[in-house]
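What follows is a set of notes on a single structure, which appears directly below.
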Amino acid sequence: MEYNHKEIERRWQEYWRDNEIYKVTEDPSRKKFYVLDMFPYPSGAGLHVGHPLGYIASDIYARYKRQQGFNVLHPMGYDAYGLPAEQYAIQTGQHPEKTTSENVARYRSQLDKIGFSFDWSREVRTCDPEYYKWTQWTFMKMFGSYYDRALDKAMPIADLERHFAEHGSEGINAACGKELSFTAEEWNALPEKERAERLMNYRIAYLGESMVNWCPGLGTVLANDEVSEGVSVRGGFPVEQKVMKQWCLRVSAYAQRLLDGLDRLEWSDSLKETQRNWIGRSEGAEMRFPVAGQDFSLEIFTTRADTIFGVTFMVLAPESKYVPMLTSPGQKEAVGAYLEEVRHKTERERQIEKKVSGVWTGSYAVNPLTGQEIPVWISDYVLAGYGTGAIMAVPAHDSRDYAFARHFNLPIIPLIEGADVSEESFDAKEGKMINSRGPVLDLNGLEVREAIARTKKFIEEEDLGKVKVNYRLRDAIFSRQRYWGEPFPVYYEDGTAKLLPETSLPLRLPPVASYKPTPDGQPPLGNAENWTTPEGFPLEVCTMPGFAGSSAYYLRYMDPHNSEAFVSREANEYWRDVDLYVGGAEHATGHLIYSRFWNKFLHDIGAVAEDEPFRKLVNQGMIQGRSSFVYRIMNSNTFVSHGLRGDYDTTPIRVDISLVNNDVLDTEAFRGWRPEYADAEFILEDGRYVCGHAVEKMSKSMYNVVNPDDIVERYGADTLRLYEMFLGPVEQSKPWDTNGIDGVNRFLKKLWGLFEKTDLESDTEMSREESKTVNKLIKKVTSDIEQFSFNTSISAFMIAVNELTSQKSTNRRAMETVTRLTAPFAPHIAEEFWHRLGNDGSVADAEWPAVDESALVEDTVKYPVSFNGKTRFTIEVAASADKAEVESLALSNPAAAKWLDGKAPRKVIVVPGRIVNVVI
RNA sequence: GCGCGUGUGGCGUAAUUGGUAGCCGCGCCAGACUUAGGAUCUGGUGACGAGAGUCGUGUAGGUUCGAGUCCUAUCACGCGCACCA
């Protein structure tokens, strides 16, 4: 009988569904293993072959772990809030919920065809009220917490309030927007509204005024990772800078823990490095420069405390709070004009221009080490959001300061021996200090490193400032002026934000007449009727961003139907964390940071057991498209084959890849593709029309999208699964190329043929040869799966099947073992074999075979014999032979004489089981 | 600019982790069965050479009995961050 993938796959997919084969329950008597995929956003375009790559890899691993006896949690769900469904709603008036559930249904049917072992009873959707109830709940907990730096964890805000009432701000070490200082008496005398405002300064979810990426095209603010080169990642609309009152999450409070946690994770070095980069820890000093003629100081942050003797001016960010304090009456007009100019520039324009600009404030600061007066300038190359928004400029040793100094003719003092600063600054942190002797501190002759340490110590001792660590990581903006997202459980009373009672959760997303902003510029929820509390207080009209629902979905899978808690203590203590997480590296600075933050917060408040959510992470590569081209001869309707196109003047034209097989064009189908090609003529090579190709992003407009459904239809899910893995290492990006799929399909047919020859009636021992083949396979496949190297394990299968075929094997036991090994990779065909072999239950529960090492022991060992490193011949030696015997057999071999050339060897190296090398 | 990563046949890749470079697959060549092949099976396939053999893992050095693997320099490509003081 032929291998009929359609019938086999339909039969076993039904069997798995009807018998709930992949449903899992908590079972404390068994060890757990949690395998997770990044859940998809169900877009209207459906799945293309790139999406399942990671899912197939994780499915293989999940099935393997299950066969090893682990209780495996392997769920799937949908990241259902997203801009495309909302844009579609704005255009058509169709509720995004409807669009989303249609897309979900399509995704589900596509996924089902590939034969994944997902437990669909645990499916979550972020837009489901039973799910987003807990997103809102977490927000409430964040609103009700502050970050205690001394305890290094989130604590209830009520503790802080109590402290304020008893001791004022004295002794508080909490993460906050700005440092506040007040006494208990002052606090107790404050009106409630004022107290609420001060508490807001400490909450982990807080309402803050911040500079945001405002996208007028989308009518919402965007996170930094949603903006690229000044335009929105989705839609490509221009983005501008704007100050707005927004909900924010105090992610920055967790910067150090997010950094430290990386060391304990099995993630790729490059991904960890990307996160370290994003967190951007830098150690330096915060120093005070007294302002000449005033009674306050300018605070600056620097990592180069050693360069203090080279400070020739100071620079403030245009948005700095110091600007109004330092602008002299004479410079007021100039400063005002500059600020106006900067305000109208978007971040993009500032970046593109890269033009040096700035203005003098009219004030001077005093260098605390030299007493020298130095001018204070304003320039947009200093960022308000980093450090203190003010710097000490050392043009000799900082390229930005250098450019500024050159432009405005400010002095440049070199501080490092041998540094030539006539053309450019010397930024490297190496060399011996010069010109660095003052009345109270002498750095001359020290190495830069020593000088930094020396200065820091001096600053602390003399109380000129303090040693400080700064992070690049900013707080996450948590408001979106959109409809399709989680509503905030927040209302406003007299302009003060307050939480709804927990019992009102979930706060459901209301219907709206229009998905566009209201005429007066309010977000779409402003269109909702009765969007108030029962008492009539207005509810928040912003919604939460996409990452709100995706930050903790892995926890909900543990206990998806619990209406009392996000996840029960029992379920959480059993499943704990994700053992293997598979997904794209593009989430490195978004989802993977937010999730870790979110989890750490939940850990702090005692809601989850583990501090880090994803123990091991594998980033699958991207599958690119492989576009095909035909070559039309200029001014004709004649197309020339790829290899012959050099003889003509041609234009390449993209052709739909469904008309192309192994780079050969189906010319008839091409004529029928477009009316203008109906009478196309072809110049063939070797009787065929060969297309050219290029690797590009997989997209509709390039006619290179491959739908997995088509592959499944033609070759079957098992072939698709094997082929996606066979393409190369999972982590690597590669173009989709169907040219090799026949080889993989051929392997399955051979496997099928091998099974058909198997003698199902007998139960004899395997021959020595069969046993060797089978055990070699077990060993190789087991170690490959552990290392996530699936392409090599598929090669091993091909070798084994070829060997068994040439051994004319009909042995039932051999086939039975091969079936167990095949199950994670090609579950449908394995299930078919499993049942034909007479087993009950699913092959998914078939025990993973162990290696019989004795089958792999060889009687003899072949040694390549090398002379001075070049292999000359091979000897076969009894496996029991020791080094000396191997050596003497090698040297006494007749072939050795030729290479020894009458000389005695200087040295002979024998590596047992490997090689003999004779040094002459 | 800074950081990370990758360079192996015509192509995708592999190499027991320092021990016979090129496994497996595609493609190609030859053959078998065929009226036919976008089917199946068998054999061959890094380059040069008639051959013995020589060369060969981006390039140039180094360490080693032995290097695709380790070290140094350099080039190319890819990714990430980017006025972060």
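The shown structure was predicted, so the numbers you read here are calculated from the model rather than taken from an experiment. The sequence lines fix the lettering, A, B, ..., with proteins before strands; numbering per chain opens at 1.
- Nucleotides B:A60 and B:A15, compared at atom P, are 26 Å apart to the nearest Å.
- Applying the side-chain hydrogen bond (donor to acceptor under 3.5 Å, both in side chains) rule to A:N775 yields the partners A:S771; only residues at least two apart in sequence or on another chain are considered.
- Relative to the side chain of A:R714, the nucleotides B:A82, B:G38, B:A85 differ in distance, and B:G38 lies closest.
- Map A:K780 and A:I799 each onto its nearest nucleotide of RNA chain B; the residue landing nearer the 5' end is A:K780.
- Rounding to the nearest 0.5 angstrom, the gap separating the OG1 atom in A:T388 from the OH atom in A:Y322 is 6.0 Å.
- Spacing between B:U72 and B:C24 at atom C1', rounded to whole Å, works out to 36 Å.
- With sequence neighbours excluded, no residue satisfies ring-ring contact (aromatic ring centres under 6.0 Å, His included) with A:F289.
- Remark: A:F309 engages no residue in a ring-ring contact (aromatic ring centres under 6.0 Å, His included) (not counting sequence neighbours).
- Within residues 268-276 of chain A, the residues that have a heavy atom under 4.0 Å from RNA chain B are, in order of number, A:S270, A:E273, A:T274.
- Applying the ring-ring contact (aromatic ring centres under 6.0 Å, His included) criterion to A:Y386, with sequence neighbours excluded, gives no partner residue.
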query: Reading RNA chain B 5' to 3', what string of ( ), [ ], | and . shows its pairs, if Watson-Crick and G-U wobble pairs count only when both distances fall under 3.5 Å?
result: (((((((..(((......[....)))((((((.......))))))(((....)))..(((((..]....))))))))))))....
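- If you find the closest nucleotide of RNA chain B to A:G389 and to A:D784, the one lying nearer the 5' end belongs to A:D784.
- Within a 6.0 Å sphere centred on CG of A:D269, other residues, nucleotides and ligands contribute 12 heavy atoms or fewer.
- The six-membered or imidazole ring of A:F788 lies near that of A:F790, with a centre-to-centre distance under 6.0 Å.
- One finds the CH2 atom of A:W899 at 9.5 Å from the CZ atom of A:F873 (value rounded to the nearest 0.5 Å).
- B:G62 and B:A67 are spaced 11 Å apart, taking the C1' atom of each and rounding to whole Å.
- The cationic group of A:R596 does not satisfy the cation-pi geometry with A:W278, failing either the under 6.0 Å distance to the six-membered ring centre or the 45° limit from the ring axis.
- Contacts of A:R872 with the nucleic acid, taken as non-hydrogen atoms under 4.0 Å apart, involve only primed sugar atoms and P, OP1 or OP2.
- Shown here are the ring-ring contact (aromatic ring centres under 6.0 Å, His included) partners of A:W752, two or more places apart in sequence or in another chain: A:Y3, A:F833.
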For nucleotides 62-72 of chain B, print each protein N/O atom paired with a nucleotide N/O atom at under 3.5 Å, atom names and distance only.
unit_1	atom_1	unit_2	atom_2	d
B:C65	O2'	A:N917	ND2	3.4
B:C65	O2	A:N917	ND2	2.4

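- Within residues 720-727 of chain A, the residues having any heavy atom closer than 4.0 Å to RNA chain B are, in order of number, A:F726, A:L727.
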Taking N or O atoms only and anything under 3.5 Å, show me the protein contacts with nucleotides 40-45 of chain B, one pair per line.
none

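- Using atom P as the reference point in both B:G38 and B:G49, the two lie 33 Å apart (nearest Å).
- In this structure, the nucleotide among B:A82, B:A14, B:C24 sitting nearest to the side chain of A:R472 is B:A82.
- Shown here are the side chain to side chain contact (heavy atoms under 4.5 Å, CB included) partners of A:A405, two or more places apart in sequence or in another chain: A:F313, A:P395, A:L410, A:I412.
- Here the separation of B:U6 from B:A14, taken at their P atoms, is 12 Å to the nearest Å.
- Looking at residues two or more places apart in sequence or on another chain, you find no side-chain hydrogen bond (donor to acceptor under 3.5 Å, both in side chains) involving A:E756.
- Here A:P735 lies out of heavy-atom contact (under 4.0 Å) with every strand.
- Using a 4.0 Å heavy-atom criterion, one finds that A:S282 contacts the sugar-phosphate atoms exclusively.
- Checking B:C24, B:A85, B:C55 against the side-chain heavy atoms of A:K870 singles out B:C55 as nearest.
- The environment of NZ in A:K734 is crowded: more than 12 heavy-atom neighbours from other residues, nucleotides or ligands sit within 6.0 Å.
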